[in-house]
Amino acid sequence: MEEPSLEALMQASLIFVVGVAIILSNLFIIVTYLNFRGPSEVINYYLLSLASADLLFGLLVVPFSVYPALVGRWVYGDIVCRLVGYLEVTLWAISVYTFMWISVDRYLAIRKPLRYETVQTKTRCQCWMVFTWISVAMMCCPPLLGFNKPIFDREAFICMLDWGNMAAYTVTLSILVLGPSVITIVYTYFYVFSVKMRMKSGVLIHDKEYATALSENLSNPSHNMSFVLVLIFWLSWAPCAGLRIYTLLYGPPQVPFLHFAVVWLGIANSFWKVIVLCTLSPQFRLAARVLCLTVFCRHRRLPPELLGLDDDD
């Protein structure tokens, strides 16, 4: 076996670091939310689903790219390559649909402020997420069951399913995943922020109960937090999509490591979520503080105010 080049060592090290960051950050998010016993929002269930998809990506996809980056070839066999390619598409589609459900949740909080808690129950949201995981896993499986060989991307060191000989299915799946998701996300956040602007401009609402509930929901920082999560996701994958379109039209650009950079920039978006939550979500910061006290101060009783409880509860 030849000694890996400096470029190969750097790329393998970068993939390893990205994988560790994805695993640790999403594991921290999941444990933080599961440990928290105070009042929680329904959106947290969607965030748990999102973190679970990213954690699985970090555990089951990214590690299989480290060694191939060193040796420049796939060494795990066609079956593993096929499974890795299937997981990539499935987990990515689950993330896209989860962002759609998050945007719907934010829309309902503003559109129906008085009925939001009865419309968006925890059980209903959990059912939607289970349905999403099962339906996406089934929608993405036909190429997995095909007899075509999977493709190993020698520039990004990622295994992919061969979608080229299933053009009709590929177009249909793209429309089913991206069509409703993108349209829903654009419409719902446009509505949320347009209502925010109208409220700031002093639009009068004669129903005081409705106006109070709407003001409380509009002041929830989850709107901005969820919008930033969605924006970072699409911005992270936009260079990869742009490069793919450019390659189809004009051929691959002669820029070293460009393809590697844009692919792993998109994958690295799975890590930024923890930074957004720590920055823009007061409830996540509270839950993280409770987790730290739970882990490092086991002998002490947590103060009730950290759990959102009164002293009499």
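All figures in this text were calculated on a predicted structure; none of them were measured in a lab.
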> Just wondering, are more than 12 heavy atoms of other shown residues or ligands nearer than 6.0 Å to CZ in F190?
Replying inline: no
>> Would you say the ring centers of F157 and F64 fall short of 6.0 Å from each other?
In response: no
> Do F99 and S226 have side chains that get closer than 4.5 Å, going by heavy atoms?
Replying inline: no
> Going by the angle between their ring planes, with limits at 30° and 60°, are F260 and W264 parallel, tilted or perpendicular?
Replying inline: tilted
> Which residue pairs pass the salt bridge (Lys or Arg N to Asp or Glu O under 4.0 Å) test when at least one of the two sits in residues 263-279, sequence neighbours left out?
Replying inline: D54-K273
>> Are the side chains of L55 and I22 in contact, using a 4.5 Å heavy-atom criterion?
In response: no
>> Testing V84, I151, I267 one by one against I158 for a side chain to side chain contact (heavy atoms under 4.5 Å, CB included), which residue passes?
In response: I267
>> Could you go through L59 and I23, starting from their C-alpha distance and side-chain angles, then the distance that decides it, and tell me whether this counts as side-chain contact (heavy atoms from CB on, under 4.5 Å)?
In response: CA-CA 7 Å; L59 288 171; I23 293 171; 3.6 Å; yes
> Side chains of Y33 and L277: does their closest heavy-atom pair fall under 4.5 Å?
Replying inline: yes
> Does any donor atom in the side chain of H259 or D153 lie under 3.5 Å from an acceptor atom in the other side chain?
Replying inline: yes
>> Quick one, T121 with Q126, criterion side-chain contact (heavy atoms from CB on, under 4.5 Å). Give me CA distance, side-chain angles, the key distance, then yes/no.
In response: CA-CA 9 Å; T121 62; Q126 290 170 346; over 6 Å; no
> Does any non-hydrogen side-chain atom of I102 lie less than 4.5 Å from one of L47?
Replying inline: yes
>> Can you give me the closest heavy-atom contact between D105 and Q120, atom names plus distance?
In response: OD1-NE2, 2.9 Å
Side-chain donor-acceptor contacts of residues 227-239 below 3.5 Å, not counting sequence neighbours, with atom names and distances?
{"from": "S236", "atom 1": "OG", "to": "I232", "atom 2": "O", "distance (Å)": "2.7"}
{"from": "W237", "atom 1": "NE1", "to": "G266", "atom 2": "O", "distance (Å)": "3.4"}

Only pairs under 3.5 Å count here: list side-chain donor-acceptor contacts from residues 130-145, not counting sequence neighbours, and write none if there are none.
{"from": "T132", "atom 1": "OG1", "to": "W101", "atom 2": "NE1", "distance (Å)": "2.9"}
{"from": "T132", "atom 1": "OG1", "to": "W128", "atom 2": "O", "distance (Å)": "2.8"}
{"from": "W133", "atom 1": "NE1", "to": "S49", "atom 2": "OG", "distance (Å)": "2.9"}
{"from": "S135", "atom 1": "OG", "to": "F131", "atom 2": "O", "distance (Å)": "2.8"}
{"from": "S135", "atom 1": "OG", "to": "T132", "atom 2": "O", "distance (Å)": "3.1"}

> Heavy-atom distance under 4.5 Å between the side chains of L280 and P221, does that happen here?
Replying inline: no
> Stepwise, does the side-chain contact (heavy atoms from CB on, under 4.5 Å) test hold for F257 with Q11?
Replying inline: CA-CA 9 Å; F257 308 115; Q11 289 174 311; 3.2 Å; yes
> Any sub-3.5 Å donor-acceptor pair from R285's side-chain atoms to T279's backbone N or O?
Replying inline: yes
